[in-house]
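What follows is a set of notes on a single structure, which appears directly below.
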Amino acid sequence: MLNLLGLHHVTAVSSSIRANKQFYTGALGMRLVKRSVNQDDTSAYHLFYADSQATPGSDLTFFDWNVPRERRGNQTVSSTGLRVNGEAALTWWRARLDGLGVAVGEVREQGGRLTLPLEDPEGQRLTLTDDGGTGAAHPWNASPVPAEYQIRGLGPVMMSVPNLYPTDRVLQKLLNMTPISTYPHPDEAAHTVHVYRIGTQGSPQAGPGNELHVAVRPDLKAAQPGAGGVHHLAFNIPDADYDAWTERLHHLGMQSSGPVDRYYFRSLYFREPNGVLFELATQGPGFAVDEDAATLGEKLALPPFLEGQRAQILAGLKPID
């Protein structure tokens, strides 16, 4: 049976990419591991923030698009979880973010774990989640955040849909996820959040690192995409399973992008029935394929098929340092 390995990355949208870089590397202390461009729109940066090793499952990425703010609503990713270890870390983060003037809530229980909700300067909804130290961590030595408090990776991710049934069928029948629990929505207790385990019980990203939370919100209108919103959610697959996943999507009649080579990983894109854009992304070859691991993200990296346009691309990008 084909199984996912967990989360791979979340890609969101920023209309203020310089401030975005300052927030995620400064306030949140994440490492900029790849400074590239949107391969379908080379006038826009594509920045990748992650742990020190750019581990799949730790990447939060942003497209640089000059668009209005997202109108919040349904049929989208509504919160991106970022894992930290322990209640002391959440307490530390609450004080740090409040001191920096970041929109941050209070430490609260959500789905059986302690969490801390916050928003970036463009309204991107994030949730720091205590993962209890589950799984490996790769702190970044140059981070302004002490190693014991650093963000360890993604998870869980929450998406909102008006009707669970069609999404549930895709999650279970196509992606082989397992429903494991439910809890009241943290902001609207009358509505329910359904928790799915991504992959098997022994997946490398155990606990919240391999969970998708689906909030059923028939009360909301569809979201209007924009800055401060999420563009797509990517799941981690073994390199060796890529062709089999391509065939599986085709065999089950799921319309998809077909194979897409992003150079740093290979991708398949499709929309689940409630409209959320999913991606299946391979683990490799990884971001060190064209840069030294010690200097990831310091210079503009382009895949080989764009390298001939480097001068033109650079001329069209605004400074972010």
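Computed over heavy atoms, backbone and side chain alike; hydrogens, waters and symmetry mates excluded.
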Notebook entry, point to check: Is there a donor in the side chain of Thr115 and an acceptor in the side chain of Thr127, or the other way round, less than 3.5 Å apart?
Noted result: no

Notebook entry, point to check: Looking only at atom types and distance, does a side-chain atom of Asp130 sit under 3.5 Å from a main-chain N or O of Asn85, one as donor and one as acceptor?
Noted result: no

Next item on the list: State whether Glu211 and Arg113 are salt-bridged, where the test is any N-O pair (Lys NZ or Arg NE/NH1/NH2 against Asp/Glu carboxylate O) under 4.0 Å.
Entry: yes

Check: Centroid-to-centroid, His194 to Tyr196, below 6.0 Å?
Finding: no

Check: Salt bridge between Asp290 and Lys34, side-chain N to carboxylate O under 4.0 Å?
Finding: yes

Check: Are Glu106 and Arg94 ion-paired here, with the side-chain N under 4.0 Å from a carboxylate O?
Finding: yes

Margin query: Is it the case that the side chains of Asp168 and Gln172 hold a donor-acceptor pair, with the cut-off being a distance below 3.5 Å and no angle test?
Written below: yes

Check: Are Ile17 and Phe63 side-chain neighbours, meaning at least one heavy-atom pair lies under 4.5 Å?
Finding: no

Note to self: Quick check: closest heavy atoms across Gly135 and Arg152, and the distance to 0.1 Å?
What the structure shows: O-NH2, 3.0 Å

Next item on the list: Take the angle between the ring planes of Phe265 and His9 and call it parallel below 30°, perpendicular above 60°, tilted in between.
Entry: tilted

Next item on the list: Taking atom types as modelled, find out whether Asp41 and Ser43 have a side-chain donor-acceptor pair closer than 3.5 angstrom.
Entry: yes

Note to self: Applying the side chain to side chain contact (heavy atoms under 4.5 Å, CB included) criterion to Val230, which one of Glu70, Arg125, Met159, Gln124 satisfies it?
What the structure shows: Gln124

Item checked: His46 and Thr61: side chain donor to acceptor below 3.5 Å -> yes

Checklist line | More than 12 heavy atoms from other groups under 6.0 Å of CG on Asp187 | finding: yes

Margin query: Is the distance from the ring center of Tyr183 to that of His213 below 6.0 Å?
Written below: yes

Next item on the list: Decide yes or no for Arg266 and Pro285: does some side-chain heavy atom of the first lie under 4.5 Å from some side-chain heavy atom of the second?
Entry: no

Check: Counting N and O atoms only, with roles assigned by atom type, does the side chain of Ser58 sit under 3.5 Å from a partner on the main chain of Thr55, one being a donor and the other an acceptor?
Finding: yes

Note to self: I'd like to know whether CD of Glu87 has more than 12 heavy-atom contacts from other residues, nucleotides or ligands below 6.0 angstrom.
What the structure shows: no

Item checked: Check ion pair Arg35-Asp321 (N to O, under 4.0 angstrom) -> yes

